[in-house]
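Working notes for the structure below.
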Number of protein chains: 2
Amino acid sequence: MSVPNIKDLVDRYIAVSFSVEKKAASLVKNQIGSDLTNDQHFTLRYINQVGSCTSSELAEVFDVKKSAITAMITRMWEKGLIQRTRDENDRRVVYLTLTDKGNELYAKAEEKIHNLVESLINKFDQAEIHQFIETFEKLDNVLSENKAGD
Amino acid sequence: MSVPNIKDLVDRYIAVSFSVEKKAASLVKNQIGSDLTNDQHFTLRYINQVGSCTSSELAEVFDVKKSAITAMITRMWEKGLIQRTRDENDRRVVYLTLTDKGNELYAKAEEKIHNLVESLINKFDQAEIHQFIETFEKLDNVLSENKAGD
DNA sequence: CATTAATAGTTAAACAGTTGAACAGTTAAA
DNA sequence: TTTAACTGTTCAACTGTTTAACTATTAATG
């Protein structure tokens, strides 16, 4: 008990992160409806946050190949959610931005998620939440360093 | 700062959980190699833990339709990792277990993950890890309740 | 300047994972 | 016994992914 049992830790972490991720995805999907897949929602969210970005940037952030981004962006472009604009200075580059429709859809999704979280957040006290997110972000950094050292 | 800003919280949580999940998946994939996809690894892990289960149970746990399980189990069955055994009492039911090959592959993957975690775990102190997992599991329970109340 | 490198993004084939609907076989309920 | 419920499968269609080859453009090098 005092010595950290790595096997138990790995089992617990994998089980809980897997479970939470599935449940959160399922809840979000119920809220958002069938307009948007989860990956499309994350893409919308990211572009909304940064305002404008490129395919290469998305591939870096999502840790997938550029061709995967092309496919996903094309599907969202077909739905009228995303705009592609060529850079006039460097004509290789294509800037991705949200259309009005994309922004609206994101705002609607965001509102529903906000309400959902609001209804759940009172189960935790603020210090606990704060510490949880801090550790989670620390884990993210540790993983980044590990990857950089490959 | 004292009042919890839900929007910021949601943004931070989604960003960090998305990022950690991607990085962890990528690290695990590097360790395990191309023998196994992440979902197949999780499936192997689950069946290893419970010993034996059914398609319906997997569908419940993974929160997907049964037809998705059939497809995935078939792929793993073709690789010789999983065995299907009909229940003689209720001939609708099929029990899923790991073959020797499945168990070996799981053990190998588990060892590599173990070593990986061992190399990262010293970045955190034990109390922090303990508290983090506790809160994560609490979140899992809260999400379960919320889903049950749908 | 001309040729060669590198970069940004796309396309196409192939695969894993997913849903939804229809179905077969089996068991339980009426 | 007929009807209803359940377990698992099949099939078509879709999203997301990788790999490899490709286009177009820009940067670097001689």
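Naming: A, B, ... by sequence-line order, numbering from 1 per chain. Just so it is clear, the structure is predicted and the values come from calculations on it, not from any experiment.
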For Arg91(A) and Phe62(A), find the nucleotide of DNA chain D closest to each by heavy atoms; which residue's nucleotide sits nearer the 5' end?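 Result: Phe62(A).
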From the set [options], return the single nucleotide nearest to any side-chain atom of [X].
{"X": "Arg84(A)", "options": "dT19(C), dT10(C), dT11(C)", "value": "dT10(C)"}
{"X": "Lys22(B)", "options": "dT10(D), dT17(D), dT10(C)", "value": "dT17(D)"}
{"X": "Arg92(B)", "options": "dT10(C), dA16(C), dA5(D)", "value": "dA5(D)"}
{"X": "Gln40(A)", "options": "dT26(C), dT15(D), dT18(C)", "value": "dT15(D)"}
{"X": "Asp39(A)", "options": "dT11(C), dT18(C), dT17(D)", "value": "dT17(D)"}
{"X": "Lys65(B)", "options": "dG20(C), dT17(D), dT7(D)", "value": "dG20(C)"}
{"X": "Asp90(A)", "options": "dT26(D), dT27(C), dT18(D)", "value": "dT26(D)"}
{"X": "Val93(A)", "options": "dA8(C), dG17(C), dT26(C)", "value": "dA8(C)"}

May I ask you to decide whether [X] forms a salt bridge with [Y], counting only side-chain N to carboxylate O separations under 4.0 Å?
{"X": "Asp87(B)", "Y": "Arg92(B)", "result": "no"}
{"X": "Lys23(B)", "Y": "Asp63(A)", "result": "no"}
{"X": "Glu134(A)", "Y": "Arg12(B)", "result": "yes"}

Check whether any side-chain N or O of [X] sits under 4.0 Å from OP1 or OP2 of [N], and answer yes or no.
{"X": "Ser56(B)", "N": "dC6(D)", "answer": "no"}
{"X": "Arg75(A)", "N": "dG16(D)", "answer": "yes"}
{"X": "Ser67(B)", "N": "dT18(C)", "answer": "no"}

Got Arg84(B) and Trp77(B) here, is their nearest side-chain heavy-atom distance under 4.5 Å?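 Yes, close enough: below the 4.5 Å cut-off.
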Can you check dA24(D) for me, syn or anti if syn means within 90° of 0?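 Anti for dA24(D); the angle lies over 90° from 0.
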Provide the Watson-Crick or G-U wobble partner of dA6(C), both distances under 3.5 Å; none if there is no partner.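 Partner of dA6(C): dT25(D).
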How many Å lie between [atom1] on [X] and [atom2] on [N], as a whole number?
{"X": "Leu81(B)", "N": "dA16(C)", "atom1": "CG", "atom2": "P", "value": "12 Å"}
{"X": "Met76(B)", "N": "dG17(C)", "atom1": "CE", "atom2": "C1'", "value": "13 Å"}
{"X": "Ile69(A)", "N": "dT11(C)", "atom1": "CD1", "atom2": "P", "value": "15 Å"}
{"X": "Met72(A)", "N": "dC14(D)", "atom1": "CE", "atom2": "P", "value": "18 Å"}
{"X": "Trp77(B)", "N": "dA16(C)", "atom1": "CH2", "atom2": "P", "value": "15 Å"}
{"X": "Leu96(B)", "N": "dT7(D)", "atom1": "CG", "atom2": "P", "value": "14 Å"}
{"X": "Arg86(B)", "N": "dC6(D)", "atom1": "CZ", "atom2": "C1'", "value": "13 Å"}
{"X": "Glu60(A)", "N": "dG9(C)", "atom1": "CD", "atom2": "P", "value": "13 Å"}

Look at all strands and tell whether [X] reaches a base, only sugar-phosphate, or nothing, counting heavy atoms closer than 4.0 Å.
{"X": "Lys66(B)", "value": "base"}
{"X": "Thr70(B)", "value": "base"}
{"X": "Asn38(B)", "value": "nothing"}
{"X": "Thr54(A)", "value": "sugar-phosphate"}

So Phe132(A) and Tyr13(B), would you call those rings parallel, tilted or perpendicular, with 30° and 60° as cut-offs?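 Correct class here is parallel.
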Go nucleotide by nucleotide along DNA chain C from the 5' end; which of Ser55(A) and Ala68(B) gets its closest nucleotide reached first?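 In this pair, the answer is Ser55(A).
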Using ring-ring contact (aromatic ring centres under 6.0 Å, His included) as the criterion, point out the one residue from Phe62(A), Phe136(A), Tyr46(A) that pairs with Phe18(B).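 Only match with Phe18(B) under ring-ring contact (aromatic ring centres under 6.0 Å, His included): Phe62(A).
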Where Val20(B) and Leu139(A) come nearest, the two heavy atoms and their spacing: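 Looking at all heavy atoms of both residues, the shortest contact is CG1-CD2, 4.0 Å.
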